[in-house]
Amino acid sequence: MTVSPSTPLKWGAVAFAVLWTFWMLWWSGSLDRANVIILTICGAVAGYLWYLAMRWLFARMHLGAAGESTDAPKTPRKAPRGKIYPWIVWAALMAGTGIATAGLLDLVAPWIPAGEQHRLISALFIVVVWPTLMWCLPLLIKRRFPV
């Protein structure tokens, strides 16, 4: 199978759309036909917007194929290994910091006051802690494991 420069990005957009749709279905708690249809359409739109945003970001960071549009492959070729590796590390950091944030939230949740504000404070905790871990971990990794 030959892979064009935009194939991994398209598969990533499909995976994002599917995961987003399932997450929204789980979060809403309702499997009514109308809810499933609306969230599926919203998931497809979210996946397409994610694809456009990542294509723009990759072009801005010069990670796409040089001189080519990322979604119009002229000649199929293998992606260089050096350009994929940073994104694998980034995805691992996102997953690791997400799991760490969930663990920290489980530790902190008993001290968050019960009631209407519990969900808001929990969400704010995630919004603050996850990016903080994401920004700090690369610095700690570079200090402990210089490349």
Side-chain angles (χ1 to χ4, degrees), residues 1 3-66 68-71 73 78-147:
M1 181 174 128
V3 178
S4 70
S6 66
T7 302
L9 187 58
K10 289 177 183 176
W11 280 110
V14 169
F16 176 80
V18 168
L19 291 173
W20 187 89
T21 302
F22 283 134
W23 178 263
M24 287 296 118
L25 284 170
W26 178 76
W27 186 65
S28 71
S30 173
L31 292 178
D32 296 336
R33 183 178 296 187
N35 192 31
V36 170
I37 291 170
I38 289 170
L39 288 177
T40 302
I41 292 169
C42 291
V45 170
Y48 181 68
L49 292 175
W50 184 87
Y51 169 76
L52 292 177
M54 290 299 115
R55 189 177 73 177
W56 175 81
L57 181 67
F58 288 169
R60 190 156 170 89
M61 295 175 66
H62 306 293
L63 291 174
E68 292 181 15
S69 172
T70 55
D71 60 348
K78 292 185 178 180
R81 185 179 194 113
K83 292 183 180 180
I84 299 283
Y85 179 73
W87 293 104
I88 293 171
V89 171
W90 178 81
L93 280 174
M94 282 295 287
T97 55
I99 292 169
T101 303
L104 289 172
L105 181 60
D106 283 344
L107 291 174
V108 173
W111 289 302
I112 297 175
E116 295 178 10
Q117 301 301 321
H118 183 80
R119 189 170 183 165
L120 174 67
I121 294 171
S122 297
L124 287 174
F125 179 84
I126 292 169
V127 167
V128 170
V129 171
W130 197 345
T132 304
L133 286 176
M134 192 62 195
W135 290 326
C136 293
L137 270 182
L139 299 174
L140 293 174
I141 289 172
K142 284 181 183 178
R143 183 174 287 166
R144 296 290 265 177
F145 306 106
V147 179

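Any value given below was found using the heavy atoms of this structure, including those in side chains, with hydrogens, waters and symmetry copies removed. Residues: numbered from 1 along the sequence shown.
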Show which side-chain atoms of residues 98-106 pair as donor or acceptor with protein atoms under 3.5 Å away, not counting sequence neighbours.
{"unit_1": "Thr101", "atom_1": "OG1", "unit_2": "Thr97", "atom_2": "O", "d": "2.7"}

Spatial distance of atom CG (Leu124) from atom CD (Gln117) [nearest 0.5 Å]: 9.5 Å
Least distance between heavy atoms, Gly43 atom then Ala17 atom: O-CB, 3.2 Å
Pairing residues for Trp27 by the ring-ring contact (aromatic ring centres under 6.0 Å, His included) criterion, not counting sequence neighbours: none
Residue among Thr132, Val127, Ile126 satisfying side chain to side chain contact (heavy atoms under 4.5 Å, CB included) with Trp130: Ile126
Trp20 versus Leu39, closest heavy-atom pair with distance: CZ3-O, 3.9 Å
Interatomic distance, Ser28 atom OG to Asn35 atom CG [nearest 0.5 angstrom]: 4.0 Å
Value rounded to 0.5 Å, distance of CG in Leu49 from CZ in Phe16: 9.0 Å
Residue pair Trp50, Val14: steps toward the side-chain contact (heavy atoms from CB on, under 4.5 Å) verdict: CA-CA 9 Å; Trp50 184 87; Val14 169; over 6 Å; no
Distance-minimising heavy-atom pair for Ile112 and His118: CG2-ND1, 3.3 Å
Heavy-atom pair with the smallest gap, counting every atom of Gly47 and Ala13: O-CB, 3.5 Å
Euclidean distance, Leu31 CG relative to Trp26 CH2, rounded to 0.5 Å: 13.0 Å
